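This report concerns only the one structure given below.
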Amino acid sequence: MAESAVCPAFQLGRPRYDQGSFFGRLRHFIDVIDPTTLLVSEKQLKDSLKLLDDFKNGIVPPGVSDDKLWEAQKIKQAIIHPDTGEKIFMPFRMSGYVPFGTPIVIGLLLPNQTVLSTIIWQWLNQSHNACVNYSNRNATKPTPTSKFLQGYVGAVTSAVSIAVGLNVLIEKAHRLNPATRMIIQRLVPFPAVASANICNVGLMRHNELSEGIDVLDSNGNVVGSSRIAAKHAIMETAFTRVVLPMPIFVLPPIIMSYLERLRFLQKNRRLMLPIHSVVCLVTFGLSLPVAISLFPQMSQIEVSRLEPEIAMATDCKVVTYNKGL
């Protein structure tokens, strides 16, 4: 009895935690972004997939606990795309977002940026974001390579343009004192990245708006493709990409502007970058699960809000779709 209270009975394909509450989604996505899954070997992945297949076929090896089955599903969710069934390239998995993205965040927040360094860091950031958005999209419909390239160019161009434009405006604000100007320069990446992230998600996934995404009934059967559901999926994902950089690009500059005034750090300037890196890493690591927990990955929408042909194809009042991450 005690074990079942701690570890619920395993249900294949269903989340371990209640997705109807923010806390349940938070616990679920902490599993999904767990960076230790990056260390899972090919053999461990195959063993996990085989264990889940055996369970699906009613063959559960003796001694396999619910906890073991949940762990196998966690590994699958972290590595395998739910629509394509293929492995997501390691740097573009949600579990790789923080480890591979933190160096870029550190670069974006470095003080005294030149126009060239701003362009380089924004390009790197939006390139990584574009690949993460594409790799974790709803993939029920194929996306041509040409569409991916168009979206990528648009996303990177918008990010660089916004960031450089804001920096130029600040440079021309001669009436600001140097200290105020430095703080504002450090805060510039947030509006630049937030607005560029919206463009990034929209451009990298715009194919979904024209093709629609599959919506599923209560039995998991596809009842049709909906452009309205695709619009909701992209809007929800874009909103998380605005919330995500908020603490990442606001808190570290404020924290560092305070720490830099400490006598100890003024005497040990070489410690600035390591401390800055740790502050960025911790903030990023805490922000990501909170942001992506705002909405469930498998979202639901009332059939009455969708296209008439979908309403005619099912008796369900609510259908489900993969929002993407």
Side-chain angles (χ1 to χ4, degrees), residues 14-15 17-33 77-78 81-84 88 92-95 97 101 126 128-141 143 147 151 154-155 158 190 193-217 222-248 284 286-307 310 316-325:
R14 293 184 177 273
Y17 306 105
D18 175 25
Q19 297 299 283
S21 70
F22 173 77
F23 184 66
R25 293 194 296 273
L26 181 63
R27 296 183 71 185
H28 168 71
F29 284 117
I30 286 173
D31 275 353
V32 171
I33 69 166
Q77 288 175 334
H81 194 287
D83 294 332
T84 65
I88 299 173
F92 308 146
R93 298 173 194 165
M94 274 298 165
S95 56
Y97 205 1
Q126 290 305 323
H128 185 230
N129 284 348
C131 292
V132 170
N133 290 334
Y134 181 79
S135 299
N136 295 277
R137 73 196 187 285
N138 179 299
T140 53
K141 296 288 184 294
T143 301
K147 297 265 186 169
S158 64
F190 169 63
V193 169
S195 52
N197 281 356
I198 296 174
C199 297
N200 199 315
V201 172
L203 290 167
M204 293 308 300
R205 296 179 55 177
H206 72 286
N207 192 57
E208 296 172 33
L209 293 173
S210 57
E211 298 292 329
I213 59 175
D214 288 351
V215 292
L216 314 174
D217 62 18
V222 177
V223 296
S225 293
S226 171
R227 290 187 292 274
I228 296 174
K231 181 181 177 181
H232 280 268
I234 292 173
M235 288 176 61
E236 290 172 351
T237 304
F239 184 74
T240 66
R241 294 301 194 273
V242 173
V243 174
L244 174 59
M246 192 179 298
I248 298 171
F284 197 176
L286 294 175
S287 302
L288 180 58
V290 171
I292 61 177
S293 298
L294 294 174
F295 305 99
Q297 181 171 0
M298 299 304 295
S299 292
Q300 293 185 323
I301 187 169
E302 294 175 358
V303 172
S304 59
R305 299 170 63 187
L306 300 180
E307 293 84 346
I310 293 178
C316 294
K317 293 185 177 181
V318 175
V319 289
T320 304
Y321 61 90
N322 174 19
K323 172 184 69 65
L325 289 176

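Bear in mind that the values here come from a model prediction, so they are computed numbers and not experimental data. Positions are given from 1, in the same order as the sequence printed here.
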If you measure from [atom1] on [X] to [atom2] on [Y], what distance do you get to the nearest 0.5 Å?
| X | Y | atom1 | atom2 | result |
| --- | --- | --- | --- | --- |
| Gln300 | Cys316 | CD | SG | 10.0 Å |
| Ile33 | Ser293 | CD1 | OG | 8.0 Å |
| Ile213 | Asp83 | CD1 | CG | 9.0 Å |
| Thr240 | Lys323 | OG1 | NZ | 5.5 Å |
| Asp18 | Phe23 | CG | CZ | 11.0 Å |
| Thr237 | Gln297 | OG1 | CD | 9.0 Å |

Please determine, by modelled atom types, if [X] and [Y] share a side-chain donor-acceptor pair under 3.5 angstrom.
| X | Y | answer |
| --- | --- | --- |
| Tyr97 | Asn129 | yes |
| Arg93 | Ser135 | no |
| Asn322 | Arg137 | no |

*Taking it one step at a time, do Glu302 and Arg305 satisfy salt bridge (Lys or Arg N to Asp or Glu O under 4.0 Å)?*
CA-CA 6 Å; Glu302 294 175 358; Arg305 299 170 63 187; 5.4 Å; no
*For the pair Val215 and Thr320, evaluate side chain to side chain contact (heavy atoms under 4.5 Å, CB included) and give the outcome as yes or no after the intermediate values.*
CA-CA 5 Å; Val215 292; Thr320 304; over 6 Å; no
*asked:* Between Val303 and Lys317, is the side chain to side chain contact (heavy atoms under 4.5 Å, CB included) condition met? List the steps.
replied: CA-CA 5 Å; Val303 172; Lys317 293 185 177 181; 5.7 Å; no
Taking every non-hydrogen atom, the tightest pair across [X] and [Y]:
| X | Y | result |
| --- | --- | --- |
| Ser95 | Ala78 | OG-O, 4.1 Å |
| Ile30 | Pro289 | CG1-CB, 4.0 Å |
| Ala229 | Leu306 | N-CD2, 4.0 Å |
| Val290 | Leu286 | CG2-O, 3.3 Å |
| Pro247 | Ser287 | CG-OG, 3.0 Å |

*May I ask you to decide if the ring planes of His128 and Phe92 are parallel, tilted or perpendicular, using 30° and 60° as cut-offs?*
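Ring orientation, 0 to 90° scale: tilted.
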*With no hydrogens and no angle check, is any side-chain donor or acceptor of Arg25 less than 3.5 Å from a backbone partner on Leu294?*
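Yes; judged by distance alone, with no hydrogens or angles, the pair exists.
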*Does Gln19 use its side chain to pair, donor to acceptor, with the backbone of Tyr17 at less than 3.5 Å?*
yes
With a 4.5 Å heavy-atom cut-off, do [X] and [Y] have their side chains touching?
| X | Y | value |
| --- | --- | --- |
| Gln77 | Asp31 | no |
| Leu216 | Tyr321 | no |
| Phe284 | Leu244 | yes |

_Working for side-chain hydrogen bond (donor to acceptor under 3.5 Å, both in side chains), residues Ser210 and Arg227_ = CA-CA 7 Å; Ser210 57; Arg227 290 187 292 274; over 6 Å; no
*Yes or no on side chain to side chain contact (heavy atoms under 4.5 Å, CB included) for Leu209 and Ile234, after CA distance, side-chain angles and deciding distance?*
CA-CA 9 Å; Leu209 293 173; Ile234 292 173; 3.7 Å; yes
